[in-house]
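Working notes for the structure below.
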Amino acid sequence: MSLPILAAPQVFKPLALQAELLRLLAGLQLRMRDPLGGDEPSYSMPLPSDPAYQVLSTSAYRYQLQMQAINEAVESNLLLYARGSDLDHLAAFYDVLRLEGEADDAFRGRVQLSIRGWSPGTYEYYESQVRGLSTEVRDVLVDVPDTQAIDQKGWIYISVMVNEGSGEPSTEFLTQVRSHLADPKVRLINDTIVVQPVSLVPIDVVASIWQTPSAIPGVLERLNASVPLAFDQARGLGWDVSPSWFASALQQDGVKKSELSLTQDVVVARDQCAYLRSFSLLDKGVAW
């Protein structure tokens, strides 16, 4: 789950230290005008070494600190911005508690999902129930096939993906999920829930690399470490794999060009997830 990208709320106070200082200096200059009311001020703008300048600089800085405190108070009450214990208190209003070791972004998404899943029996409701079991859950798909046999009406299929390894959950964890969803307090009486592990689609990629003449030694070692990690962070249920993704990931400093053994998109179903079974780099030398 992710929150939409919105413009900053209008209640946020702008932080502009230099503009505030100039405003204070202009006010001082105005108050120090010729008492006889002449058109020209008899008091010029103070220099930075002037004590008045130093006092007004301190006042402007303190004013900015106050505005920042106001902004942070507003943030603590907005789901998109709240962090740490502020997010905990905001989530408690929706009866959602942070799991042990759960990061702010994951917790924030689960709060949003819980709000959307208030109505029992909805897709969001069951997904929220699964995600609320453990931080081990990485992705969940709640699905009802378009075509079902008459005797399978009301069947709900839930695919679970975890963070560890290839993403396939252990038998013990699937048993925990099934037990939780079978609880009469969780499952709607007319729903038949089928919990299944993610269906994995193995991907094998061999990449040929030509380096630039100025490439720093160790390009292949860095790519061997970074590309599989980036792939693992990007993949998820229903995420198709394209050669262009690998081409982009390989195009780092020191790489002139690359060729891939993967030439066509790997299309995966909604309840499937691709995983990189093997990744090999071939050094083709320097390309001038």
Taking it one step at a time, do S242 and D265 satisfy side-chain hydrogen bond (donor to acceptor under 3.5 Å, both in side chains)? CA-CA 4 Å; S242 65; D265 290 354; 4.6 Å; no
What do the steps show when you test L181 against R187 for side chain to side chain contact (heavy atoms under 4.5 Å, CB included), and what is the final call? CA-CA 6 Å; L181 295 180; R187 181 183 65 86; 5.7 Å; no
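- For the residue pair A82 and L90, the shortest heavy atom distance occurs at CB-CD2, 4.1 Å.
- Salt bridge E164/R138: absent, no basic N to carboxylate O contact under 4.0 Å.
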Evaluate E75 against R83 for salt bridge (charged side-chain N to carboxylate O under 4.0 Å, His left out), listing each step before the verdict. CA-CA 8 Å; E75 287 181 350; R83 304 179 300 276; 3.4 Å; yes
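- Y61 pairs by the ring-ring contact (aromatic ring centres under 6.0 Å, His included) definition with nothing, not counting sequence neighbours.
- To the nearest 0.5 angstrom, Y81 atom OH is 13.5 Å from E72 atom CD.
- Distance check, rounded to the nearest 0.5 Å: CG of L79 to CD of Q112 gives 7.0 Å.
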Donor-acceptor pairs under 3.5 angstrom involving side-chain atoms of residues 247-254: please list them, not counting sequence neighbours.
from: Q251; atom 1: NE2; to: V255; atom 2: O; distance (Å): 3.0
from: Q252; atom 1: NE2; to: S226; atom 2: OG; distance (Å): 3.3
from: Q252; atom 1: NE2; to: A249; atom 2: O; distance (Å): 3.0

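- D271 contributes no side-chain N or O that, together with a main-chain N or O of S159, makes up a donor-acceptor pair within less than 3.5 Å.
- Shortest non-hydrogen contact noted between L97 and R110 is O-NH2, 2.7 Å.
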Where do E168 and V162 land on the side chain to side chain contact (heavy atoms under 4.5 Å, CB included) test, with the steps shown first? CA-CA 6 Å; E168 185 175 6; V162 296; 6.0 Å; no
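- Note: the hydrophobic cluster containing L87 also contains Y94 (ILVMFWY, side chain heavy atoms under 4.5 Å, direct or indirect links).
- For the pair K284/K257, no side-chain contact is recorded, criterion being any heavy-atom separation below 4.5 Å from C-beta on.
- At least one donor-acceptor pair closer than 3.5 Å links the side chain of Q272 to the backbone N or O of A269.
- By the 4.5 Å heavy-atom criterion applied to side chains, R131 and L113 are counted as neighbours.
- Under the 4.5 Å side-chain contact rule for hydrophobic residues, I193 and I189 do not share a cluster.
- The side-chain heavy atoms of V194 and W155, taken from C-beta on, include a pair separated by under 4.5 Å.
- Rounding to the nearest 0.5 Å places CG of D204 at 8.5 Å from OG of S280.
- With values rounded to the nearest 0.5 angstrom, T122 atom OG1 is found 9.0 Å from I156 atom CD1.
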Does the pair Q211 and K256 meet the rule for a side chain to side chain contact (heavy atoms under 4.5 Å, CB included), with working shown? CA-CA 5 Å; Q211 301 183 43; K256 181 71 172 181; 6.0 Å; no
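- Within a 6.0 Å sphere centred on CZ of R222, other residues, nucleotides and ligands contribute more than 12 heavy atoms.
- Follow the hydrophobic side-chain contacts under 4.5 Å out from F173 and you never reach Y275; the two are in separate clusters.
- In this structure, Y126 has its ring center at least 6.0 angstrom away from the ring center of Y157.
- Side-chain contact check for Y53 versus L28: every heavy-atom pair is 4.5 Å or farther apart.
- D183 contributes no side-chain N or O that, together with a main-chain N or O of S179, makes up a donor-acceptor pair within less than 3.5 Å.
- In the hydrophobic clustering of ILVMFWY residues, with side-chain heavy atoms under 4.5 Å counting as a link, V186 and V137 come out together.
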Mind running side chain to side chain contact (heavy atoms under 4.5 Å, CB included) on E259 and W210 for me, showing each step along the way? CA-CA 9 Å; E259 290 182 358; W210 285 263; 3.7 Å; yes
side-chain hydrogen bond (donor to acceptor under 3.5 Å, both in side chains) between T135 and E102: does it pass, once the steps are laid out? CA-CA 6 Å; T135 54; E102 189 172 21; over 6 Å; no
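- Residues F246 and F231 place their aromatic rings such that the two centres sit under 6.0 Å apart.
- Remark: L21 CG to Y63 OH distance equals 13.5 Å, nearest 0.5 Å.
- In this structure, V198 and C273 approach most closely via the heavy-atom pair CG2-CB, 3.6 Å.
- Contact between M161 and G236 at its shortest, heavy atoms only, is SD-CA, 4.3 Å.
- A donor-acceptor pair under 3.5 Å is formed between the side chain of S261 and the backbone N or O of V206.
- Residues D232 and G165 come closest through the heavy atom pair OD1-O, 4.4 Å.
- Residues W245 and I209 are members of one and the same hydrophobic cluster, defined by side-chain heavy-atom contacts under 4.5 angstrom among Ile, Leu, Val, Met, Phe, Trp and Tyr.
- Using a 4.5 Å heavy-atom threshold, the side chains of M67 and L15 count as touching.
- Looking at heavy atoms from C-beta onward, D283 lies out of side-chain contact with L281 at the 4.5 angstrom threshold.
- In this structure the side chain of I158 reaches within 4.5 angstrom of the side chain of V130, judged on heavy atoms.
- Side-chain contact between D105 and R108 is present, with heavy atoms from C-beta onward closer than 4.5 Å.
- Closest approach of V195 to L174, counting heavy atoms only: CG1-CD2, 3.9 Å.
- Atom CG of D139 and atom CD of E127 lie 7.5 Å apart (nearest 0.5 Å).
- Residues meeting the salt bridge (charged side-chain N to carboxylate O under 4.0 Å, His left out) test with D88, sequence neighbours left out: R98.
- With hydrogens and angles disregarded, no donor-acceptor distance shorter than 3.5 Å links the side chain of S128 to the backbone of Y125.
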